[in-house]
Amino acid sequence: MSLLVVGLSHRSAPVSVLERAALSQDAQIKLLQDTVAAEPAAEAVVLATCNRIELYADVDKFHAGVAELSTLLAQHSGVGLDELTPYLYVHYEDRAVHHLFSVACGLDSMVVGEGQVLGQIKDSLALAQDVHSAGRLTNDLFQQALRVGKRAHSETGIDRAGQSLVTFGLQQLAGGKGGGASVESWAVGKKALVIGAGSMSSLAAATLARLGVAEIVVANRTPDRAERLAQIINENRENNQYAGVAGVAGYDGPGGAGGAGASVSARAVPMESVPFELTRADIAVSCTGATGLVLTAEAIAAAVEGRVPGDEAGLSPRTTATGDVRGVLPPTSIGTDDGCPLDLTAVQTGQAGQAGQAVQESAGFSVMGEAAVAGMDAATLEQHAAWVDNGTVDRRDAARRTPDDDRELIAALALTAAGLGRIPERRRPEAVAGVARPPAVLSLLDLAMPRDVDAAAHRLPGVRLVDIETLAEASADVPMAADVDQVRRIVADEVAAFGAALRAAHITPTVVALRAMAADVVAGEIARLDGRLPGLDEKHRAEITQTVRRVVDKLLHAPTVRVKQLAAEPGGAGYADALRTLFDLDQETVASVSRADRADENTAANAENRGRA
């Protein structure tokens, strides 16, 4: 049997594909069950995080294993195999071990050196053990990966090479690495909303508390988990866990200088309270397992309504009673085109009637046929397209509108398109002066996959959104620390040691079977001696038996020790076959020893892992 991993991550696939392929816990369980039920695989573990989905399996055939695991990933992710295949990677045997150890050390993370992946690896193994899909190989592999990751973080400065996704995301919200305010001075005294109570959300809450926010509100669909997380934060505050957070100059809020973190308070609220809590929050971090949006553009726009400083350039959001969100266009004199048949009054009227549509569906238009978006019929848009291409068409309502009216409306359209990032495909608007966005009053960090926060929030004034896609782009510029090389050496050494142990373990059942055969030979000869010498007293019989056993043990000692050493070396797998051939060992006897060993080790590993949980 051999280790095989098939997966995709932020290194091989765009975030849009990872988002669609994300697996819920129920989907992971079903994937594990179907994998071990498949012919090539004997055991399996799924590692699913916000930026990777990997299926590890012990298979007896490489090509059949790749085909089966790829098919199962496609089936359970809901992404077609033809579409998924270009983004999949495959690692086999030592390369698969090297990959997992690198993941555990944070070398393969979006932010190099981040440490929460260790908790995700532990959770993945625990899930596989609960559904009985983990076996001897995967148990040993994932347990060793956890040890290697801990060794890398304790023996090197890999933590300095990067930080957790939470810290990195907050850093981007604060102004990015090397620019803007420090994340500490940016966060201190703010009110934070954490949506979700899983491992990533708990990390976010702890990080925000250490940074010195004044309040943390936790919302979760399971109230008990939200209450527990809030309780932990408050207990840590009472135990002075956050007293080491230095005060920030110029901050006179709760806690004062030198103890900002010690003053943080936390409380839990139901998910139904999120819209209200969002109106009070300065920072919101969301990481749930929801398959749909948790925060829509409409809810976010409503939360910042009235909080955006001033109303320069007419960019403050406006929410109608029906929930429609749109920007108010500023007056402008840009544009000199005459004869445009597009009635922008109808466009704006149509937009007002599209209640409940997302931001990107309620502003701007496309001449390629997004008639429902613009609130216009396709014929009118085609008239506009023909006009752009200098075609001759009859102008609608010529008597009602004047060239000056059209020039102003077309200029307003150009400015809208420039501000929203959507322009007519057949004609780019004239260059317009960029409109400065007001400072953010609500900072959103979306760490969920699939996303929790509507991507349209990127365009809302007063809102700053950082999500997985943003982090993927920003992390490409993060420098690698010198400690990364040391971690790579640790990984290489640990891979070699694990491979040697695995090869040595592979021959152990054969050695055990050989010694069992020798013991049977000794027992048979002693029985034959009893038949020939029936009057032999018990004392002499015991001495003869012990002497024969010592002779057999001495004859077998050197060969069995040496064969284990040789088997641990690369290419040593053939020594087990040689032993079976030379001593005519029964293959089923060897297999039965192996199965018994696996059952004992799996039981011990499961107990050990649950004891650590």
Side-chain angles (χ1 to χ4, degrees), residues 111 113-116 159-160 162-197 199-220 226-269 277-287 303-304 307 309 439-447 462-466 471 474:
V111 180
E114 59 91 9
Q116 69 261 34
D159 293 335
R160 295 193 297 269
Q163 57 280 104
S164 71
L165 277 180
V166 173
T167 305
F168 188 59
L170 292 174
Q171 188 179 74
Q172 297 305 307
L173 287 174
K177 191 175 182 63
S182 69
V183 67
E184 291 83 2
S185 61
W186 169 81
V188 71
K190 284 182 165 59
K191 296 178 180 179
L193 171 63
V194 176
I195 305 175
S199 58
M200 189 71 77
S201 298
S202 299
L203 178 62
T207 302
L208 289 166
R210 285 196 298 271
L211 290 174
V213 298
E215 179 186 44
I216 297 176
V217 178
V218 182
N220 192 58
E227 292 282 357
R228 177 57 181 158
L229 179 53
Q231 179 183 357
I232 291 173
I233 296 170
N234 289 325
E235 288 175 353
N236 287 340
R237 176 199 63 201
E238 293 169 2
N239 294 331
N240 213 28
Q241 293 292 315
Y242 305 125
V245 179
V248 178
Y251 172 67
D252 297 322
S263 66
V264 64
S265 64
R267 57 187 174 87
V269 299
E277 296 296 341
L278 205 61
T279 65
R280 303 177 63 254
D282 303 302
I283 308 169
V285 181
S286 186
C287 187
V304 299
R307 295 169 61 186
V441 296
L442 177 61
S443 299
L444 301 171
L445 178 57
D446 183 4
L447 298 173
V463 176
R464 172 89 164 103
L465 170 61
V466 169
L471 291 175

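For clarity, every value in this text was computed on a predicted model and none was experimentally measured.
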Engineer: Identify the two heavy atoms, one from V264 and one from A209, that lie closest to each other, and give their separation to 0.1 Å.
Structural biologist: CG1-CB, 4.1 Å
Engineer: For a quick test of reading the model, state the closest non-hydrogen atom pair linking D282 to R307 and the distance between them.
Structural biologist: OD1-NH2, 4.1 Å
Engineer: If I take atom CD from residue E235 and atom CD1 from residue I233, how far apart are they, to the nearest 0.5 angstrom?
Structural biologist: 10.5 Å
Engineer: If you measure from CG on L444 to CD1 on I195, what distance do you get to the nearest 0.5 Å?
Structural biologist: 8.5 Å
Engineer: Under the side-chain contact (heavy atoms from CB on, under 4.5 Å) test, which residues partner V285, sequence neighbours left out?
Structural biologist: A204, L208, I283, L445, L447
Engineer: To the nearest 0.5 angstrom, please state how far the CG atom of N236 sits from the CD atom of Q231.
Structural biologist: 10.5 Å
Engineer: Got a second to check how far C287's SG is from D446's CG, nearest 0.5 Å?
Structural biologist: 8.0 Å
Engineer: Can you list everything that forms a side-chain contact (heavy atoms from CB on, under 4.5 Å) with A226? Sequence neighbours excluded, please.
Structural biologist: V218, N220, A268
Engineer: For the pair R464 (side chain) and A440 (backbone), establish whether a donor and an acceptor sit closer than 3.5 Å, ignoring hydrogens and angles.
Structural biologist: no
Engineer: Any heavy-atom pair between the side chains of V194 and M200 that's under 4.5 Å?
Structural biologist: no
Engineer: Quick one: list whatever passes side-chain hydrogen bond (donor to acceptor under 3.5 Å, both in side chains) with S201, sequence neighbours left out.
Structural biologist: none
Engineer: Distance from L193 atom CG to L442 atom CG, nearest 0.5 Å?
Structural biologist: 9.0 Å
Engineer: Work out which heavy atom in G189 is nearest to a heavy atom in A214; give both atom names and the distance.
Structural biologist: O-CB, 3.5 Å
Engineer: For R267, enumerate each residue passing the salt bridge (charged side-chain N to carboxylate O under 4.0 Å, His left out) test, keeping only those at least two apart in sequence or located in another chain.
Structural biologist: E215, E277
Engineer: What pairs with S202 under side-chain contact (heavy atoms from CB on, under 4.5 Å), at least two apart in sequence or on another chain?
Structural biologist: L229
